[in-house]
Amino acid sequence: MTTTLKVTLAQSSIADLKAIEYQWVRALYVEGYEPSQINHYIRTCFGGDAHFADLFRKVALYEESTVVLLQYLRTLF
């Protein structure tokens, strides 16, 4: 059985570090949410798997490059 992951963000949003989605993640971090909580919210709102959520959070917090996240997404599709 094949599992299909759906991500509801456009590539243009993922590539833009000023996108509102990244700003929202930064706000959660500033408010004191734990990484696991932020990852949960990312998956709930935008889809993807645990690795996608973790990379997305790290990109938002400038701990990882958008290139790495986009490359990961390309391996899924």
Side-chain angles (χ1 to χ4, degrees):
M1 182 156 99
T2 303
T3 302
T4 302
L5 295 176
K6 183 175 182 176
V7 176
T8 60
L9 292 170
Q11 183 174 340
S12 59
S13 293
I14 292 170
D16 180 7
L17 286 174
K18 294 180 182 178
I20 190 72
E21 294 85 356
Y22 287 129
Q23 293 177 33
W24 170 68
V25 170
R26 289 182 204 114
L28 292 175
Y29 175 78
V30 169
E31 290 175 13
Y33 285 83
E34 295 293 324
S36 61
Q37 293 172 304
I38 296 171
N39 289 0
H40 169 76
Y41 291 130
I42 291 168
R43 289 185 70 190
T44 299
C45 294
F46 308 133
D49 60 4
H51 191 63
F52 167 79
D54 200 52
L55 283 174
F56 191 88
R57 178 182 52 78
K58 288 178 179 179
V59 168
L61 299 176
Y62 305 105
E63 297 173 357
E64 190 60 81
S65 167
T66 55
V67 173
V68 173
L69 178 56
L70 290 168
Q71 286 175 337
Y72 175 69
L73 287 173
R74 287 188 184 115
T75 67
L76 298 177
F77 303 103

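We number each residue from 1, following the sequence as shown. Predicted model only: the values in this text are computed from it and were never measured.
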- Spell out, as yes or no, whether a donor-acceptor pair under 3.5 Å connects the side chain of Tyr33 to the backbone of Asn39. no
- So if you build clusters from Ile, Leu, Val, Met, Phe, Trp, Tyr with side-chain heavy-atom gaps below 4.5 Å, do Tyr29 and Ile20 land together? no
- Group every Ile, Leu, Val, Met, Phe, Trp and Tyr by side-chain heavy-atom contacts under 4.5 Å, then state whether Val67 and Leu9 land in the same group. no
- Let me see the working for Leu17 and Arg26 under side chain to side chain contact (heavy atoms under 4.5 Å, CB included), right down to the final yes or no. CA-CA 11 Å; Leu17 286 174; Arg26 289 182 204 114; 4.2 Å; yes
Which heavy-atom pair separates [X] from [Y] by the least distance, and what is that distance?
X     : Y     : result
Leu70 : Ala15 : CD1-CB, 4.3 Å
Ala19 : Ser13 : CB-O, 3.5 Å
Tyr22 : Ala60 : CD2-CB, 3.5 Å
Ala53 : Arg43 : CB-CG, 3.5 Å

- Task: For Arg57 and Tyr41, test the side chains for any donor-to-acceptor distance below 3.5 angstrom and give the result as yes or no.
- Result: no
Contact between [X] and [Y] at the side-chain level, heavy atoms closer than 4.5 Å - yes or no?
X     : Y     : value
Glu64 : Leu69 : no
Glu21 : Thr8  : no
Trp24 : Leu28 : yes

- Query: CD of Gln11: more than 12 outside heavy atoms within 6.0 angstrom?
  - Reply: no
Could you give the distance from [atom1] ([X]) to [atom2] ([Y]), rounded to the nearest 0.5 Å?
X     : Y     : atom1 : atom2 : answer
Ile14 : Leu73 : CD1   : CG    : 5.0 Å
Tyr72 : Asp54 : OH    : CG    : 10.5 Å
Lys58 : Ile38 : NZ    : CD1   : 12.5 Å

- Message: Parallel, tilted or perpendicular, judged at 30° and 60°: which one describes the rings of Phe46 and Phe56?
- Response: tilted
